Visitor: 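Take a look at the following structure, please.
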Amino acid sequence: MTYDVTLTELASTGTCHQRVHTTAAGIASAVGRGLQDLYEFAARAAVTPAGPPQLSFPDPAPGRELDLDLCLPISGRPEKSGDIDVVVLPEGPVALTFHHGR
């Protein structure tokens with residue numbers, strides 16, 4: 001699978017955030033569970049998702065453990081709940097790509 005990558009600047013964005021610990025082999029299921037958690041958090045907090053979810057992680061090496069940072073832009077600033085917190089991602093340069101799941 002190949003991805004188009006665009007270098008761009010993003011404005012600061014309020015998000016709900018969850019850090020997920022996994023292995024390279026477990027990324028797909030960890031992302032699926034984590035994003036479900038973020039959307040459920042937004043629904044419980046009565047805030048609206050304000051853009052596509054975002055994911056950042058280091059270059060995974062086979063067999064290595066890693067932490068994924070999952071963020072969902074949201075319309076408000078609810079209180080932290082469990083392992084989901086609310087953070088503002090700073091403005092700045094990013095490498096942007098989209099994954100269209102199947």
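Keep in mind that this is a model prediction, so the values were computed, not measured.
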Visitor: When rounded to the nearest 0.5 angstrom, what is the spacing between CZ in Arg33 and CG in Leu38?
Guide: 12.5 Å
Visitor: Between Leu70 and Ala30, what is the shortest heavy-atom contact and its length?
Guide: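 Scanning both residues, the minimum pair turns out to be CD1-O, 4.2 Å.
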Visitor: Taking all heavy atoms of Glu91 and all of Ser12, pick out the closest pair and write down the distance.
Guide: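 Shortest heavy-atom contact: CB-N, 3.5 Å.
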Visitor: When rounded to the nearest 0.5 angstrom, what distance separates CG in Asp67 from CZ in Arg19?
Guide: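 These two atoms lie 5.5 Å from each other.
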Visitor: How close do Pro78 and Ala45 get, counting heavy atoms only, and between which atoms?
Guide: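 Nearest pair, atom of Pro78 first, then Ala45: CB-CB, 3.6 Å.
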Visitor: Show the nearest heavy-atom pair for residues His17 and Cys71, with the distance to one decimal.
Guide: CD2-SG, 3.7 Å
Visitor: Hey, could you give me the CG/CZ distance between Asp83 and Phe41, rounded to the nearest 0.5 Å?
Guide: 10.5 Å
Visitor: Check the pair Leu72 / Thr15 against side-chain contact (heavy atoms from CB on, under 4.5 Å), numbers first and verdict last.
Guide: CA-CA 5 Å; Leu72 177 64; Thr15 69; 5.8 Å; no
Visitor: Should Leu68 and Thr22 count as side-chain neighbours, where that means a heavy-atom distance under 4.5 Å?
Guide: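 In contact.
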Visitor: Are Leu89 and Gln54 close enough that some pair of their side-chain heavy atoms sits under 4.5 Å apart?
Guide: yes
Visitor: Do Arg77 and Val88 come close enough that some side-chain heavy atom pair is under 4.5 Å?
Guide: yes
Visitor: What residues, two or more places apart in sequence or in another chain, satisfy ring pair (Phe, Tyr, Trp, His ring centres under 6.0 Å) together with Tyr39?
Guide: none
Visitor: What are the two closest heavy atoms between Leu55 and Val31, and how far apart are they?
Guide: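 Shortest heavy-atom separation between Leu55 and Val31 comes out as CD2-CG2, 4.0 Å.
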Visitor: Using atom types as modelled and distance alone, determine if a side-chain donor or acceptor of Thr48 lies under 3.5 Å from a backbone N or O of Ala46.
Guide: no
Visitor: Which heavy atom of Ile84 sits nearest a heavy atom of Cys16, and at what distance?
Guide: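 That would be CG2-CB, 4.0 Å.
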